[in-house]
Amino acid sequence: MSVDSEPAHLEQEQQEEEVEEEVDAPAHHPYAPPDELFDISTTVDPSYIISLIRKLLPTDASNNGNSHGFDACIGQVANTDHVEGSTASVSGQEVLNSSDHKSEGMDIVEDCGKHARLEGEDEESCHRFDRPSVSAGEEAWEECGCILWDLAASKANAELMVQNLILEVLSANLMVSQSVRVKEISLGIIGNLACHEALLKHIVSTNGLIEIVVDQLFLEDSQCLCEACRLLTLGIQSSECIMWAEALQSEHVIYHILWIVENTLNLQLIEKSVGMLLAIIESQPEVLHILLPPLMKLGLPGLLVNLLIFEMSKLMSERIPERYSILDVVFRAIEALSALDGHSQEICSNKELFKLACDMVKLPDKVEVANSCVTAAVLIANILSEVTDLASELSEDFPFLQGLLDVFPFASDDLEARSALWSIIERILVQVQENEMNRSSLFQYVSVLIGKSDLIEDELLDCQSDDLSKGHEGLTTSCTKSNARTTAVRRIISILNQWTASKDSAEENNMKGKLLADNDNINRLLDCCHNYLNSLHHALGNNLS
């Protein structure tokens, strides 16, 4: 027994020595294989995180004039022995992981190369490939920084980092480092920390950090700008948004943000920078009061429309999946601006914008750009509420009505979007004078309605189910909001009844012959419309008139 136990004892001692060697390993060597280090079930030793933070201390801070005020912080971190907090597992999909961080090349100046840590890539290739001038010290800093970037996905790990002065260390690096890669990683770590609401107050309270982050907008590196925009967006969306807005309110800063949006060719940066503008437009009234006036003064509406014109031209000429998210965020920013009281006129009066939104709705293949189609429909509803005369133009656009009905399945989970769709349909159908129009036009309306009867029936059944699931008070409120829907349903009934009641003639018989096979669909759609109205009447206990 003793003979068998001795090899086991030696093997255990050997494993313990290997663990100790890993802890003391140079920073440019990985501490553990990535598949083990970042597995969700793996716990992280707090002392390991502390050791990584120490390795991020800027070595040239004492020789740099901008480092004033950070010497005490650096001394604190370097001498930290007590670790607050506990071990934590690596998790969190809502934050940006450096292993998914891909560079597309700088459009303002030449990028430093592909320095993202790609999954499964050799650990040295991401730092040395196309970057022969990177020093060993900077390479070691990058390795530790990327690990912390990933670890910050976990709230517990993030809290531990903040407790051990990582924000002060990163602030020092942003001030003194000349490396764009160091700045990118620093911003990325802070961005992941900012994803945890409880830590945002620490970021705001760190002396000068918000102003330092804003200064990074003037860097000439696309990946740094992406991380800066991501972090600023999180700040604008947080409970501390006013402090972030005040840091951005300088006209000089606003102008530069718009310049980045207008001039960058980097797809990720376009999306992140426009996303920051969207966050501002959708933010609290206090933020709008601070930031919207300079944005409007410097031409935000025109810039967004020009971006949409370009993205739509790309969509119509060539389908590029990487651009779909850009199209979506641009549409959302324009739609949000069109809904702002006092600032919507410039958007709603733009006829070219209205045409682009209609073209988006009429797009035959909507699946890949479904979100943009829904947003375009909401934008059209906002425009029609301001410029009612445009509804008469749409009443003769049968492909638009057909495309509008096609949008319903993509808006099934968005009650506001469904209400917007019904408001457009109602505005179109009230323009229809079925008793006076020629038979050919009436035939076209019936063809569109019957061709999309399944979509209309499914939508009405969903609406009926939603209404019945509400109490009387909720149903009354819902009916107030759905007046457009009930009016549209009544108009559909009237148009279909006019068609079925039309007199016989050779011309009419020919047109009826085309729909002869759809008589069942006409009757079914009529029954569905009547059932919807009757169920609404019954639920309310009165006659909707």
Side-chain angles (χ1 to χ4, degrees), residues 358 360-367 370 373-374 377 380-381 391-412 417-465 482 484-536:
C358 291
M360 191 74 219
V361 169
K362 289 190 283 188
L363 198 68
D365 185 7
K366 294 180 172 63
V367 175
C373 292
V374 173
I380 292 170
S392 61
E393 299 178 16
L394 295 179
S395 66
E396 298 295 327
D397 192 341
F398 298 106
F400 174 79
L401 178 58
Q402 183 174 342
L404 197 65
L405 294 170
D406 284 332
V407 176
F408 269 122
F410 304 117
S412 58
R418 288 162 62 187
S419 296
L421 289 169
W422 280 114
S423 73
I424 301 172
I425 295 171
E426 182 261 345
R427 289 180 184 276
I428 291 174
L429 295 185
V430 295
Q431 302 289 326
V432 177
Q433 303 295 322
E434 64 273 12
N435 295 326
E436 301 175 7
M437 67 171 43
N438 61 62
R439 311 310 301 167
S440 177
S441 296
L442 182 59
F443 170 76
Q444 287 181 288
Y445 275 110
V446 174
S447 296
V448 171
L449 294 173
I450 296 307
K452 302 298 177 182
S453 60
D454 289 342
L455 297 176
I456 297 173
E457 291 170 18
D458 289 343
E459 169 63 14
L460 290 179
L461 289 173
D462 288 342
C463 293
Q464 185 176 338
S465 177
S482 64
R485 187 198 306 149
T486 56
T487 302
V489 170
R490 291 180 185 279
R491 297 299 303 130
I492 292 173
I493 292 173
S494 181
I495 291 170
L496 295 179
N497 283 338
Q498 178 63 27
W499 175 258
T500 56
S502 60
K503 295 180 180 180
D504 292 335
S505 71
E507 181 184 3
E508 290 167 2
N509 282 335
N510 288 336
M511 287 187 290
K512 283 183 177 181
K514 298 176 183 178
L515 286 176
L516 186 59
D518 288 324
N519 282 339
D520 291 340
N521 289 333
I522 293 175
N523 292 330
R524 191 174 73 243
L525 181 55
L526 281 169
D527 289 341
C528 183
C529 291
H530 283 299
N531 288 337
Y532 170 74
L533 294 177
N534 290 335
S535 67
L536 206 55

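Positions are given from 1, in the same order as the sequence printed here.
Arg524 contributes atom CZ, which lies 5.0 Å from atom OG of Ser453 (distance to the nearest 0.5 angstrom). With rounding to the nearest 0.5 Å, the separation of CG in Leu449 from CZ in Arg491 is 10.5 Å. Here the CG atom belonging to Leu460 is positioned 5.5 Å from the SG atom belonging to Cys529, to the nearest 0.5 angstrom. Rounding to the nearest 0.5 angstrom, the gap separating the SG atom in Cys528 from the CG atom in Asn523 is 13.0 Å. Taking CD1 from Ile495 and CE from Met437, the interatomic distance works out to 7.0 Å, rounded to the nearest 0.5 Å. Atom CD of Gln444 is separated from atom CZ of Arg439 by 12.5 Å, given to the nearest 0.5 angstrom.
With contacts defined as side-chain heavy-atom distances shorter than 4.5 Å, the pair Ile493/Arg490 does not qualify. Residues Leu429 and Glu434 fail the side-chain proximity criterion, which asks for heavy atoms closer than 4.5 Å. By the 4.5 Å heavy-atom criterion applied to side chains, Ile380 and Leu404 are not counted as neighbours. Looking only at side-chain heavy atoms (C-beta outward), Ile456 and Tyr532 stay at 4.5 Å or farther from each other.
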Are Tyr445 and Ser395 close enough, and set up right, to give a side-chain contact (heavy atoms from CB on, under 4.5 Å), and what steps lead you there?
CA-CA 10 Å; Tyr445 275 110; Ser395 66; 3.8 Å; yes

Should Leu394 and Cys358 be marked as a side-chain contact (heavy atoms from CB on, under 4.5 Å) after you check the CA-CA gap, both sets of side-chain angles, and the distance that decides it?
CA-CA 9 Å; Leu394 295 179; Cys358 291; 3.8 Å; yes

List the steps and the verdict of side-chain contact (heavy atoms from CB on, under 4.5 Å) for Asp454 and Asn521.
CA-CA 9 Å; Asp454 289 342; Asn521 289 333; 5.6 Å; no

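In this structure, Gln431 and Ser392 approach most closely via the heavy-atom pair OE1-CB, 3.8 Å. Across all their heavy atoms, Asn435 and Gln498 have their closest contact at OD1-OE1, 2.7 Å. Nearest heavy-atom pair, Cys373 versus Val361, reported as atom, atom and distance to 0.1 Å: O-CG2, 4.3 Å. The shortest heavy-atom contact between Ala484 and Ser423 is CB-CA, 3.7 Å. Of all the heavy atoms in Arg418 and Glu459, the pair that sits closest is NE-OE2, 3.1 Å. For the pair Leu421 and Ala411, the tightest heavy-atom approach, listed with the atom from each and the gap, is CD1-CB, 4.1 Å.
The stretch residues 400-412 participates, sequence neighbours left out, in these side chain to side chain donor-acceptor pair (under 3.5 Å) pairs: Asp406-Lys452.
Applying the ring-ring contact (aromatic ring centres under 6.0 Å, His included) rule to Phe408 yields the partners Trp422; only residues at least two apart in sequence or on another chain are considered. Pro399 meets the side-chain contact (heavy atoms from CB on, under 4.5 Å) test with Lys362, Asp397; sequence neighbours excluded.
Between the side chain of Ser535 and the backbone N or O of Asn531, at least one donor-acceptor pair lies under 3.5 Å.
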